[in-house]
**Student:** 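Have a look at the structure that comes next, please.
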Number of protein chains: 2
Amino acid sequence: MEENKHVTIYDIAERLNLATSTISRALKDHHTISDKTIKKVKKTAEEMGFVPNTLAAGLRGNKTRTIGVLIPTVTQPFLSSLISGIEITAQKSDYTVIIMQSHDSYEEEVNMAKSLYSNRVSGVICSLAMETRDTAHFHQFSNNNIPLVFVDRVPKDYNTFRVVIDNYTAGYKATKHLIEQGCIRIAHLTAGSELGNLYNERKRGYIEALKDHNITVEEELIINLNSVTYEDGVKASNALFDLKPMPDGLFAPGDILAVSAVQTAKKRGIKVPEEFKVIGFNNDPISQIIDPNLSTITHPAEKMGKAAAEIIIKNLKSSKNDDAKEITFLNTEVLARESSQK
Amino acid sequence: MEENKHVTIYDIAERLNLATSTISRALKDHHTISDKTIKKVKKTAEEMGFVPNTLAAGLRGNKTRTIGVLIPTVTQPFLSSLISGIEITAQKSDYTVIIMQSHDSYEEEVNMAKSLYSNRVSGVICSLAMETRDTAHFHQFSNNNIPLVFVDRVPKDYNTFRVVIDNYTAGYKATKHLIEQGCIRIAHLTAGSELGNLYNERKRGYIEALKDHNITVEEELIINLNSVTYEDGVKASNALFDLKPMPDGLFAPGDILAVSAVQTAKKRGIKVPEEFKVIGFNNDPISQIIDPNLSTITHPAEKMGKAAAEIIIKNLKSSKNDDAKEITFLNTEVLARESSQK
DNA sequence: TATTTTTACGCAACCGATTGCAATTGTTGT
DNA sequence: ACAACAATTGCAATCGGTTGCGTAAAAATA
């Protein structure tokens, strides 16, 4: 038990007086190996504590059965659910998942992409960093036939797989919901990001919903944020509450922002939802904790993860280098809870 | 740009009429290679889009500069902060981090451990799954001289590095704080886990604090949970509120549980902190969102991550197989906020 | 029994970077 | 100008599975 050397197929081969090729094949139930030998090899491998060296296999076969996941952070509920979905699907097909965080930094994203490529992952699933404006660092995957799937925060003009929600429609639905609840002066927070156009899309839905209901779009009610953080949300909320007349509703494109607005309102003695109705986005766990419970838009994170992983695996299986890099759209729904009730 | 083959040092060697050994050395500034050659090689490598194949290097050198992180889930704030700490330290020494989730399942933990070993990680940082009772699947690391550090949820009798907080003292401090705030009938939630003895330790601290302040320990005030979830917290809280006389304080060994208690109290019209004071554990982000703000015990997640990674890296550097597998204790503090105020 | 077809296994090259040692070129001293 | 030594670079084995092809043995057919 106290050896200090990895057990290899050579060790097994020597012990059983067989060739390493036989061991290798036996371990994966190759049909040219007799059942008797297979059983014997497996038993011995087990006894000797053999664990295959994936580096060697990956080097030789140039495939590692590993899916690289490159996301801004694992802490956002949406993203950790995404991971969860990826893992569930990957595990079914015996793929390993390795996770790397860009921390929304372009530089880190470039480094981690290189690292994933360096590790010869079989496929890559990525949600872009906020900072990222240029996607040249993903060419190494595309050029080498490594399937690449962007999820949620996707580049606009990159011919590869994408799994997204229809942010325009979601924004429209959210705003329409507030209108139906009686709001006539609805504010909106947004964030500028040229590549990940999802905030722009949500904003577009917001504007279109207002127009469709004959509500004038007022620039002062639309606040552009630098970052989607609690602090920025508080700042923006205060700015909104300082307006007169005050807005009577808010569509926040993220639950953290929505929560910050609710809490800022409470601090200022503004009653939610009586005086100010709020709807968020994502259905983060926190939306059910905060008082009043937050209305929100569902974001099918786990499903998106599963879809992305399935695309990778399917693509790897067929290995047809078909140029049809389709975009997968998943549905969202309005979850009407307390914070937006009439 | 449309090649379909990875660029290798052989390609560079051919282009420059040099040996692969020279390329290899030049790329890592080996002193036996002239500056002129180094410059030339690096420039060409850059031009050709060379990215080293870590599989090949790892296979040959039997070291991958990769730290495997095996934790229950990435979604818990404590654990994602832990990861963050690990990454910061790893990056400084140019190590790659790969993250795997056991989902608190023993079986998955065993599989992922095998996978990490199979990938020949240089070191392993692990926080045990709730289900885990047996740690034999970690022997493969210990036996092969792969540094192994357990963090937070650690096995009691395993001779390896451990990074933990003093859960006993933390529990003592939390309880003492409630007593100082005037509580005389303090409830406690706990969870049974033989290996990860941290809940037991906190409970021990709770009991000792009561004793030291001449408060009788009452069994009915201590509720044993199956799982540390919001739902179980609600159930337990209701049970506590049904008691008469009702407890006037609660030390919950996790913020989720504390939050569930606060919300259950609110639902039943029990005023927090006036009638019922609560202190949680971990200082999760949610503790600052909930109203009233939650008093809690800090859990230095990022520091623990950094410490664990440093141990791995230091151990790998010295490669002295010293048998001193010390246990690192980090400090915790009482964070007195609204939910426990007099 | 001789011959063809299966079945089962062995041989050896290969993946790409690393490294001990040998070989070559360049420098310095006498 | 030549030996002695230092500075560079090349050769070839190595890490551990994988796989195309070849071959011996067993089974099927003539």
Side-chain angles (χ1 to χ4, degrees), chain A residues 3-42 44-45 48-66 114-115 117-122 144, chain B residues 3-42 44-45 48-66 114-115 117-122 144:
Chain A
E3 65 246 53
N4 201 350
K5 203 78 198 77
H6 306 285
V7 178
T8 72
I9 57 170
Y10 289 88
D11 301 325
I12 303 176
E14 193 177 13
R15 174 107 137 223
L16 295 177
N17 256 0
L18 287 171
T20 59
S21 50
T22 304
I23 308 298
S24 174
R25 291 184 175 112
L27 286 172
K28 32 188 52 179
D29 294 309
H30 198 279
H31 69 279
T32 65
I33 308 294
S34 70
D35 289 349
K36 199 178 55 183
T37 305
I38 289 181
K39 221 164 285 176
K40 191 169 57 178
V41 168
K42 284 189 175 175
T44 308
M48 298 178 75
F50 170 75
V51 178
N53 185 327
T54 54
L55 299 175
L59 175 59
R60 167 61 216 247
N62 203 38
K63 56 193 163 206
T64 53
R65 291 191 84 78
T66 295
K114 193 177 287 183
S115 176
Y117 180 73
S118 193
N119 278 288
R120 297 296 186 268
V121 292
S122 299
N144 286 287
Chain B
E3 65 247 53
N4 201 349
K5 203 76 199 75
H6 306 284
V7 178
T8 72
I9 57 172
Y10 288 88
D11 301 325
I12 303 176
E14 193 176 13
R15 174 107 138 222
L16 295 177
N17 258 359
L18 287 172
T20 60
S21 50
T22 304
I23 309 297
S24 174
R25 290 183 176 115
L27 287 172
K28 33 188 51 180
D29 296 308
H30 199 278
H31 70 278
T32 64
I33 308 295
S34 70
D35 289 350
K36 199 178 54 184
T37 305
I38 289 181
K39 221 165 286 176
K40 191 169 56 178
V41 168
K42 285 189 175 175
T44 308
M48 298 179 74
F50 170 75
V51 178
N53 185 326
T54 52
L55 299 176
L59 175 59
R60 167 61 217 249
N62 203 37
K63 56 192 162 204
T64 54
R65 292 191 83 79
T66 294
K114 194 178 286 184
S115 176
Y117 180 72
S118 192
N119 279 289
R120 297 296 186 268
V121 292
S122 299
N144 285 288

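So you know, we letter chains A, B, ... as the sequences are listed, proteins then strands, and number each from 1. Computed over heavy atoms, backbone and side chain alike; hydrogens, waters and symmetry mates excluded.
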**Student:** Going by the side-chain hydrogen bond (donor to acceptor under 3.5 Å, both in side chains) test, name the single residue among B/Thr66, B/Thr64, B/Asn53, B/Thr54 that passes it with A/Asn119.
**Tutor:** B/Thr54

**Student:** For B/Arg60 and D/dA12, what is the distance between atoms CZ and P respectively, to the nearest whole Å?
**Tutor:** 16 Å

**Student:** When rounded to the nearest 0.5 angstrom, what distance separates CD1 in B/Ile23 from OG1 in B/Thr44?
**Tutor:** 7.5 Å

**Student:** Taking all non-hydrogen atoms of both residues into account, name the closest pair between A/Ala26 and A/Lys42 and its distance.
**Tutor:** O-CE, 3.9 Å

**Student:** In this structure, how many angstroms lie between the P atom of C/dG16 and the CE atom of B/Met48, rounded?
**Tutor:** 13 Å

**Student:** Could you list by number each residue of residues 17-24 of chain B showing a heavy-atom separation from DNA chain D of less than 4.0 Å, or answer none if no residue does?
**Tutor:** B/Asn17, B/Leu18, B/Ala19, B/Ser21, B/Thr22

**Student:** Within the distance-only criterion (no hydrogens, no angle test), does the side chain of B/Ser118 pair as donor or acceptor with the backbone N or O of A/Pro52 below 3.5 angstrom?
**Tutor:** yes

**Student:** Send over the distance from A/Leu59 CG to C/dA13 P, rounded to a whole Å.
**Tutor:** 17 Å

**Student:** Please report, rounded to the nearest Å, how far the P atom of C/dC9 is from the CD1 atom of A/Ile12.
**Tutor:** 15 Å

**Student:** Taking the side chain as everything from C-beta on, heavy atoms only, tell me whether B/Phe50 gets closer than 4.5 Å to B/Leu27.
**Tutor:** yes

**Student:** What does A/Asn62 touch in the nucleic acid at a heavy-atom separation under 4.0 angstrom: a base, only the sugar-phosphate, or nothing?
**Tutor:** nothing

**Student:** For A/Leu55 and B/Arg25, find the nucleotide of DNA chain D closest to each by heavy atoms; which residue's nucleotide sits nearer the 5' end?
**Tutor:** B/Arg25

**Student:** Within residues 27-39 of chain B, find the residues that approach DNA chain D with a heavy atom at under 4.0 Å, and present them sorted by residue number.
**Tutor:** B/Thr32, B/Ile33, B/Ser34, B/Thr37

**Student:** Let me confirm one number: the CZ-CD1 distance from A/Arg25 to A/Ile9, rounded to the nearest 0.5 Å.
**Tutor:** 10.5 Å

**Student:** Might you work through the side-chain contact (heavy atoms from CB on, under 4.5 Å) test for B/Lys28 and B/Ile33, ending with a clear yes or no?
**Tutor:** CA-CA 10 Å; B/Lys28 33 188 51 180; B/Ile33 308 295; over 6 Å; no

**Student:** Out of curiosity, A/Lys40 NZ to A/Ile12 CD1, how far, rounded to the nearest 0.5 Å?
**Tutor:** 12.5 Å

